[in-house]
Amino acid sequence: MNDKEIEKLIAAEGKRQREGLEMIPSENHTSADVLKALGSRLTDKYSEGYPGMRYYGGCEYVDAVENLARDRAKALFGVSHANVQPYSGSPANQAIYFALVDPGDTVMGMHLYFGGHMTHGLKVNFSGTYYRSVQYHTGKDGYLDYGEMTKMVKTEKPKLIFVGATAYPRIFEWARLREIADISGAWLIADISHIAGLVVAGAHPSPVGQAHVVMTTTHKTLRGPRGAMILCNGNPSNPLKAAERRPENLPTLIDRAIIPGLQGGPHNHQTAAIAVALREAAQPSFKQYGRQIVKNAKILAEELLKKDYKLVTGGTDNHLLLIDLTNKKIIGADAEKALSKAGITVNKNTVPFDPRSPFSPSGIRMGTPAITTRGMKEKEMVQIASWIDEAISSASDAKILTRLNKQIGEFCKKFPLPSDPAPKA
Ligand SMILES: *Cc1c(COP(=O)(O)O)cnc(C)c1O
């Protein structure tokens with residue numbers, strides 16, 4: 001590479017990933033094939049439109065790429081329609097609002113501080129600005145409060161309900177959620193960005209058949225490049241013709257919302273990398289991967305509970321744990337910093353009814369998708385839990401944190417990133 005400044009930074013980030021434990025639950029490590037597709041000539045090509053109906057010439061190969069990605073997505077999730085063009089999760093959600101509701105309409109989503117995403121109606125986000133957003137919460141026990149949701153739907157009569165989270169350790173009950181949405185005839189949108197890989201593996205119930213529209217990012221548990229997909233059922237899409245807002249028209253409504261509604265040219269290199277990731281996710285080994293993510297999270301939870309950590313909801317059903325640190329006399333930011341010095345990357349996070357501020361919350365969030373990709377299993381989780389405890393208990397002891405950092409760096413050598421050569425026996 002001629003650009004030495006950038007080359008150095010890429011190498012440094014690779015080293016950081018290689019020598020540390022990546023435990024931010026929305027992150028993962030992609031395969032060499034995904035990286036190859038991302039770094040390909042496909043990025044040079046403009047192809048506004050959809051396969052077979054583009055505004056540019058020379059699209060024969062990118063058409064085939066996008067068709068493969070769409071077909072693989074449909075087969076993997078069991079839907080009749082997939083749009084693989086969203087640049088990322090947030091623009092995908094924006095397209096869903098644009099397709100299904102008008103400015104000023106009432107929409108409902110989980111409050112950010114209780115695990116929701118900004119695009120689910122946060123006041124300062126477009127979703128809380130252009131729409132009349134009302135927000136639901138979890139109960140004191142940390143579980144989604146279905147009772148509150150039901151009451152809220154009856155009084156607020158939302159036209160659209162987003163369900164999905166960035167910091168919720170339990171299963172979503174899709175059938176129950178659909179019943180709640182049906183009370184006001186709302187569109188039910190399942191945002192499975194965090195859990196898509198678990199859904200594919202059968203380790204979390206699929207929302208397909210219950211939710212009207214399913215959105216997922218492709219770079220979290222699904223282990224693809226940054227990007228997103230919108231999935232639904234209905235009549236074949238005709239993006240050239242306006243359609244009424246009825247369930248059978250969902251494919252057309254979604255496609256038109258992406259382009260011409262919101263985006264220009266698709267990122268063809270990203271589409272190719274999504275196709276590669278979807279093929280990987282269709283292999284039997286991916287089912288094992290998804291199940292191991294959950295097994296690992298459960299062991300980590302058990303071990304931390306033994307060490308007197310307070311977990312929101314008392315444990316986990318999925319890939320993440322939300323730890324309330326109030327009994328440990330340390331705030332989220334300080335725990336995050338100590339763990340980082342020890343070589344474990346997590347992030348500070350609010351816990352339900354957090355007595356502190358969202359900028360300095362009481363908890364931390366951690367997950368197992370990336371470390372499971374590296375081949376770590378139950379035995380390693382026990383070790384990692386004890387390191388986490390040691391780092392948090394010795395947060396102000398630079399010597400101990402440095403020692404942990406060395407130990408963890410050594411340990412990581414046995415678990416190469418997917419694109420790295422296997423370690424010598
Ligand atoms: C990550 C995430 C998004 C947004 O994805 P970006 O690619 O960061 O824009 C939306 N919703 C949920 C639930 C997410 O976890």
Side-chain angles (χ1 to χ4, degrees), residues 22-28 30 34 38 77 83-99 107-122 124-128 131 133 135-138 144 160-172 174 177 187-200 204-207 211 213-231 254 257-258 262-263 266-267 270-271 273-274 277 293 297 316-322 346-347 349-350 365-370:
E22 192 51 74
M23 295 188 71
I24 292 175
S26 51
E27 294 187 10
N28 213 329
T30 47
V34 166
L38 264 185
F77 287 92
N83 189 309
V84 296
Q85 289 193 12
Y87 298 146
S88 212
S90 304
N93 282 346
Q94 208 177 338
I96 292 169
Y97 287 97
F98 192 60
V107 298
M108 207 167 119
M110 177 138 78
H111 197 288
L112 180 73
Y113 303 154
F114 289 75
H117 189 261
M118 295 179 293
T119 55
H120 296 186
L122 182 69
V124 294
N125 185 260
F126 82 93
S127 56
Y131 307 99
S133 116
Q135 304 246 277
Y136 56 87
H137 309 84
T138 66
L144 193 55
L160 179 151
I161 303 175
F162 256 93
V163 178
T166 63
Y168 185 64
R170 296 296 178 178
I171 297 285
F172 289 106
W174 300 117
L177 289 160
W187 297 104
L188 178 64
I189 317 301
D191 179 346
I192 59 167
S193 292
H194 261 254
I195 55 173
L198 307 186
V199 168
V200 167
H204 186 292
S206 170
V213 178
V214 177
M215 195 292 283
T216 181
T217 54
T218 47
H219 49 280
K220 298 178 185 172
T221 49
L222 203 54
R223 209 160 62 180
R226 310 199 82 76
M229 310 190 291
I230 304 175
L231 312 168
I254 294 298
I258 290 290
L262 191 65
Q263 297 191 168
H267 295 178
Q270 184 182 26
T271 306
I274 288 174
I293 291 177
T316 181
D317 294 328
N318 61 19
H319 62 302
L320 70 82
L321 328 178
L322 194 54
V346 305
N347 66 285
N349 215 97
T350 47
R365 182 185 74 145
M366 61 175 67
T368 53

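Indexing begins at 1, ligand by ligand and atom by atom, following the structure's order.
Judged purely by atom type and a 3.5 angstrom limit, Glu27 has no side-chain atom pairing as donor or acceptor with the backbone of Ala370. Ser133 places no side-chain N or O within 3.5 Å of a backbone atom of Gly128 that could act as its donor or acceptor partner.
Checked by atom type, the side-chain pair Asp191/His120 shows a donor-acceptor distance below 3.5 Å.
Take Phe98 and apply the ring-ring contact (aromatic ring centres under 6.0 Å, His included) test, not counting sequence neighbours, and it matches no residue. Legend: residues meeting side-chain contact (heavy atoms from CB on, under 4.5 Å) with Gln94, ordered by chain and number and at least two apart, are Phe126, Leu262. Partners of Thr166 by side-chain hydrogen bond (donor to acceptor under 3.5 Å, both in side chains), not counting sequence neighbours: none found.
Around ligand 1, the residues contributing at least one heavy atom under 4.0 Å from the ligand are Ser88, Gly89, Ser90, Asn93, His117, Ala165, Thr166, Asp191, Ser193, His194, Thr217, His219, Lys220.
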